[in-house]
Amino acid sequence: MSVEEDQRAIRCLVAKVGLDGHDRGAHVISRAFRDAGFEVIYSGLHNAPDEIVQAAVQEDVDVLGISILSGAHNTLVPKIVAGLEEYGAFEDTLIILGGVIPDKDKEPLQEAGVDAIFGPGTPMSETIEFVRENAPER
Amino acid sequence: MSSPDADLVENLLDGQYRALARAITRIENRSPGYRDLVAALHEHTGDAEVIGITGSPGAGKSTLVDKLAKSYRDEGLTVGVIAVDPSSPYTGGAVLGDRIRMASTTGDMDTFVRSMSARGQLGGLSTATGDAITAFDAFGIDRVIVETVGAGQNEVDIVRTADTVAVLVQPESGDDIQMLKAGILEIGDVFVVNKADMAGADRTVKQLSEMLEGRDNGEWTPEIVETVATSGEGLSDLLDAFSAHREFLETSGALEEKARTRYAEEVRTLLREDAGRLLEGEIERRGGIEELVDRIVARETDPYTVADGIIEPLAECLAREEAEPSPR
């Protein structure tokens with residue numbers, strides 16, 4: 001008989017990177033994740049890539065959700081991926097993106113390491129289902 | 001210990017941040033083997049100073065913790081922060097938002113902030129927090145700050161895990177009756193009237209000092225410090241108060257006494273957990289709790305008889321042990 005019982009919870013970091021000052025979407029997703037039973041760490045507005053890396057590594061999150069509306073995703077997201085790689089945290093972190101991402105940028109971002117991109121109007125249940133199915137096994 | 005865990009311990013002792021983060025996750029999840037992991041870390045601990053910060057929501061705990069972490073970092077010390085937030089009793093989900101206030105130290109890996117949810121269980125929180133402190137300590141972190149909302153069981157847990165407990169109070173946060181109530185006033189070694197630039201701060205300090213008068217807490221008289229966490233005002237007074245308490249703990253022998261009490265509690269908690277599981281297994285072997293309850297409801301038996309029956313084999317086994325002690 002095992003005397004240890006797994007009490008795993010899916011942990012997500014919801015982060016706002018760069019200069020855009022609108023975090024309503026981030027709040028909404030944080031709350032939806034919380035209601036789905038996830039543990040959500042919200043890092044607040046105006047994070048630099050290295051701040052997000054620090055938080056993702058220290059909190060050992062399964063999922064990193066980046067909300068970005070400013071259009072700077074092509075410069076900022078690869079920096080975050082590189083930072084995660086530096087600490088050996090890229091391989092087992094699911095990276096999802098939300099916000100305004102033009103179609104032409106989607107493929108390059110996915111090649112850069114983003115696992116999924118959820119544009120405006122995505123039903124919350126779709127995002128939650130994706131996280132449940134793809135959260136890395138630890 | 002399995003070899004991945006042995007690697008994890010080695011990497012943690014080697015100073016790899018990722019290994020520390022993963023060890024804490026395994027501790028929080030109580031993943032299979034986590035006990036061996038904590039056991040392997042134990043011999044490398046004993047150097048970290050642990051400070052607990054509690055107080056009502058909105059009292060400014062996270063902002064103060066941020067400033068404290070910054071000053072320790074300026075002294076060249078490494079800092080670990082465990083920020084505990086409540087979890088939903090319905091879904092188990094949680095939003096852990098204390099990290100937002102750690103603005104002075106973002107991007108600095110040697111301020112290692114870890115958010116923990118209470119995960120709905122009261123006793124378990126202290127076990128997980130205590131074990132996470134062990135991981136921080138073994139990693140070589142100098143100061144560990146445990147931040148928790150003082151609203152129930154959590155603040156009692158913090159007393160068990162921290163060497164020094166600071167209680168944050170907001171000006172005008174209630175009348176004197178609030179301060180007469182049991183709990184919060186009994187656990188603080190240092191009281192911090194934060195937002196001391198607000199009207200009514202003087203009155204709160206006065207009320208506190210009246211309430212604390214005559215509090216018998218060994219030889220330590222709790223200190224009251226006024227701070228404005230947002231500006232850092234009063235921070236050096238607070239650091240002085242912490243040092244004074246630390247010195248008291250070390251010179252009076254109270255530190256050692258605290259550690260001994262903590263270990264004794266820990267052993268008892270683990271034993272209760274283990275014994276509980278063994279007994280759960282015994283209930284299952286007897287057809288499960290529902291069947292036992294059916295018989296109690298039908299008045300065929302009663303709760304006491306059922307409990308006696310379940311514990312009997314264990315008691316007999318222990319009696320045999322006593323008669324013929326097995327080598328230990």
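FYI, side chains are in, hydrogens and waters are out, and symmetry mates aren't considered; it's all heavy atoms of this structure. Here is how names work: the chains are called A, B, and so on, in the same order as the sequence lines, proteins then strands, and each is numbered from 1.
- The two residues Arg114(B) and Asp60(A) have their closest heavy-atom pair at NH1-CB, 3.6 Å.
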**OP:** List the steps, then state whether side-chain contact (heavy atoms from CB on, under 4.5 Å) holds for Val95(B) with Arg31(A).
**Re:** CA-CA 7 Å; Val95(B) 170; Arg31(A) 185 173 165 177; 5.9 Å; no
**OP:** Mind running side-chain hydrogen bond (donor to acceptor under 3.5 Å, both in side chains) on Ser115(B) and Glu59(A) for me, showing each step along the way?
**Re:** CA-CA 7 Å; Ser115(B) 312; Glu59(A) 302 286 359; 2.7 Å; yes
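- Among residues 63-73 of chain B, no residue has any heavy atom closer than 4.5 Å to a heavy atom of chain A.
- Contact check for Arg8(A) versus Thr25(B): no side-chain heavy atoms found under the 4.5 Å cut-off.
- A 6.0 Å sphere centred on NE2 of His27(A) holds more than 12 heavy atoms belonging to other residues, nucleotides or ligands.
- Judged purely by atom type and a 3.5 angstrom limit, Gln58(A) uses its side chain to pair as donor or acceptor with the backbone of Val113(B).
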Original post:
Would Arg11(A) and Leu96(B) count as a side-chain contact (heavy atoms from CB on, under 4.5 Å) if you check the C-alpha gap in whole Å, the side-chain angles of each, and the deciding distance to 0.1 Å?
Top reply: CA-CA 10 Å; Arg11(A) 285 168 70 85; Leu96(B) 311 171; 4.3 Å; yes
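- Counting heavy-atom pairs closer than 4.5 Å to chain B, the top residue among Leu45(A), Asp35(A), Ile10(A), Asp50(A) is Asp35(A).
- The closest side-chain heavy-atom distance from Gln54(A) to Arg99(B) is below 4.5 Å.
- If you tally non-hydrogen atom pairs under 4.5 Å between each of Gly37(A), Pro49(A), Gly44(A) and chain B, the highest count goes to Gly37(A).
- Heavy-atom distances place no part of Ala48(A) under 4.5 Å from chain B, backbone and side chain included.
- Ranked by heavy-atom pairs under 4.5 Å with chain A, the first of Gly107(B), Gly97(B), Ala94(B), Gly276(B) is Ala94(B).
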Extract all donor-acceptor atom pairs below 3.5 Å that involve side chains of residues 75-100 of chain A and protein atoms in other chains or at least two apart in sequence.
| unit_1 | atom_1 | unit_2 | atom_2 | d |
| --- | --- | --- | --- | --- |
| Thr75(A) | OG1 | Ala72(A) | O | 2.9 |
| Asp92(A) | OD1 | Arg18(B) | NH2 | 2.9 |
| Asp92(A) | OD2 | Arg22(B) | NH2 | 3.0 |
| Thr93(A) | OG1 | Ala89(A) | O | 2.5 |

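- Within residues 118-127 of chain A, no residue has any heavy atom under 4.5 Å from a heavy atom of chain B.
- The contact list for residues 102-115 of chain A toward chain B, using heavy atoms and a distance under 4.5 Å, is empty.
- Shortest non-hydrogen contact noted between Ser117(B) and Glu39(A) is OG-OE2, 2.9 Å.
- Contacts with chain A were tallied for Thr91(B), Asp108(B), Leu20(B); Thr91(B) has the most, counting heavy-atom pairs under 4.5 Å.
- In plain terms, the two heavy atoms of Ile100(B) and Tyr42(A) that are nearest each other are CG1-O, 3.2 Å.
- Heavy atoms closer than 4.5 Å to chain B are found nowhere in Ala15(A), neither backbone nor side chain.
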